[in-house]
Amino acid sequence: MFYVLMALKKQPMFGIEIADFIEHRTNGRLRIGPATLYTILAKFQKEKLILETEVEGRKRTYCITEKGLLAYSAELERLYHCISDAEAEEKESENIHE
Amino acid sequence: MSEIQYAYRLVPCPSYDVEGMESWLTDMASEGLFLSADGFFGYLGIFEKHPPHPCKYRLEAAPPKRAFEDSIPDTEALALSEELGWTYVARRGEFYIYCSEDTSARELNTDPAVQALALNQVIRRMRSTAFWTAMEIIFWFWYYTRGVLFLTMIELGVVYSLFILTLILLSGVKSVLSLVHLIRLRKKLQMDGFMDHRKNWRQRSAVYRSSNLLLIVAVITAVIIGMGKFGDIILDEGYIPLSDYTATPPFPTMKNVMQDARYEEEDFIIPNEVREWKTLITPRNIDWQEYAVLYLPDGREINGALEVYYHEAASPWIARRIAEEYLILHRHKAGKNFSVLSADADTLGVDYAAAYSGRLHAPCVILQKENKVMWIQFYSLGEKSLHMEEWITVFAQSLY
């Protein structure tokens, strides 16, 4: 879910562009399925984290909202904390072993 | 160009068995049977025959069906799926079915937590549907029986009534089972458990197929019998003229309700006829309808109609329920015209007595003693009438 907001933070995109962005950004580690992406887009739209801006044929372009940016920042911060906690724990473990 | 050949197969599992359905369709494809577009007709799956090749099928939670709208996925979902190698094939129940012939195509659902989220909508919808269906069934059941279960069973037959009740209960059980199954699946997904796309669907297919066939046969039977019974009620089937009735009724009739009265049979307001039948809970039932003129010694000339429903129940408890249900039924039927009249069970020497004036403003009496119960209405036409007090005792004594 985080990666969808990351994609739309970069620029407005439509579904397949989001899927490609995620695959590219994660070096193919994460390949989001169409049903998963569609469910996330619908959920984010409902929660007003993203907004539909344009409809071109069967494709819809989405952009991130202010609320979405805040949610993205909050999640990013949470992940930073997770990483720094993990790093601190690793350092402590190394010191004990030394 | 060769014409496409079709094959038909009974669906081996319910649509909510997502893993079973996906595995079945994938196995069919490996046998050269590919689900055709919108390829379901009731419990039948319609397949196109092609040379076997790998093809995987996946189910995705669908939004609610809307009337007068094609029940296909949203255009964006279709476009997204197609670009990532998936084609929409059909809808089955609450799920869309997609297929992919590209073995390297990414899965339709890559995040179990998100899939659980989509499943959540289906569960909520099914829960709400099950609740309102149950409410509707209870309401209509109450409306048609007016809360008089035993009288309905006597009229429609115990076996048939229980049969209908069982069908209603079975449909309720089916709803609950589907909900339980989906809740378990959601729990599995929430715990990061991926779907089993190679589930052994054969394990329970015989049970599912035969239970569905039985259900279809049962519903058709219920409808046919129901129509027959409805026809019998409309056409007054089972009634014979009083003159052809050779048995002695176990209650007073117009002929002997008043001592020393002269009796003349008439056939004016209601036909003079009787119906006698038996049910499992009431081995003897009589519906007696008689119209006659009584000339009493005191000079009164009574144009009267006597209507009696007499039941010999399998037990005094059932007899009491029937008596109470008569009161409920007629209170409901009479509406504002219902007014209670005095009838004391102890004085009359019976176990239960109730009297009221109903829709026709005629006195009606319900009496029960041990396993016998009867509902009596005596309707007098004209100025002269026979008072309830004059005949209620005679009817009560017939129950001794």
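Chain letters run A, B, ... following the sequence lines, proteins first, then strands; residues in each count from 1. This one's a predicted model, so the numbers in the text were calculated from it and none came from an experiment. Below, all heavy atoms of this structure are taken into account, side chains as well, without hydrogens, waters or symmetry copies.
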Would you mind telling me which of Gly33(A), Pro34(A), Ala19(A) has the largest number of heavy-atom pairs within less than 4.5 Å of chain B? Pro34(A)

How about Gln203(B): does its CD atom have over 12 heavy atoms from other parts shown lying under 6.0 Å from it? no

Portion of Glu23(A) that has a non-hydrogen atom of chain B nearer than 4.5 angstrom: side chain

With respect to chain A, which residue among Glu83(B), Glu60(B), Glu82(B) yields the maximal number of heavy-atom pairs within a distance under 4.5 Å? Glu83(B)

Nearest-0.5 Å distance, CG of residue Leu80(B) to CZ of residue Phe14(A): 10.0 Å

Under the salt bridge (Lys or Arg N to Asp or Glu O under 4.0 Å) rule, what do Arg31(A) and Glu107(B) come out as? Steps first, then yes or no, please. CA-CA 9 Å; Arg31(A) 294 170 82 211; Glu107(B) 273 297 328; over 6 Å; no

Given Lys43(A) and Leu117(B), is the side-chain contact (heavy atoms from CB on, under 4.5 Å) satisfied, shown in steps? CA-CA 9 Å; Lys43(A) 180 180 157 63; Leu117(B) 210 66; 3.1 Å; yes

With a 3.5 Å distance limit and no angle check, can you tell me whether Thr39(A) reaches the backbone of Val114(B) through a side-chain donor-acceptor pair? no

Say you draw a straight line from CG of Leu84(B) to OH of Tyr38(A); how long is it, rounded to the nearest 0.5 Å? 14.5 Å

Specify the closest pair of heavy atoms between Thr36(A) and Asn109(B), including all atoms of both residues, with the distance to one decimal. OG1-CA, 3.2 Å

Below 4.5 Å, heavy-atom pairs only: which of Ile32(A), Leu30(A), Leu41(A), Val55(A) has the largest tally toward chain B? Ile32(A)

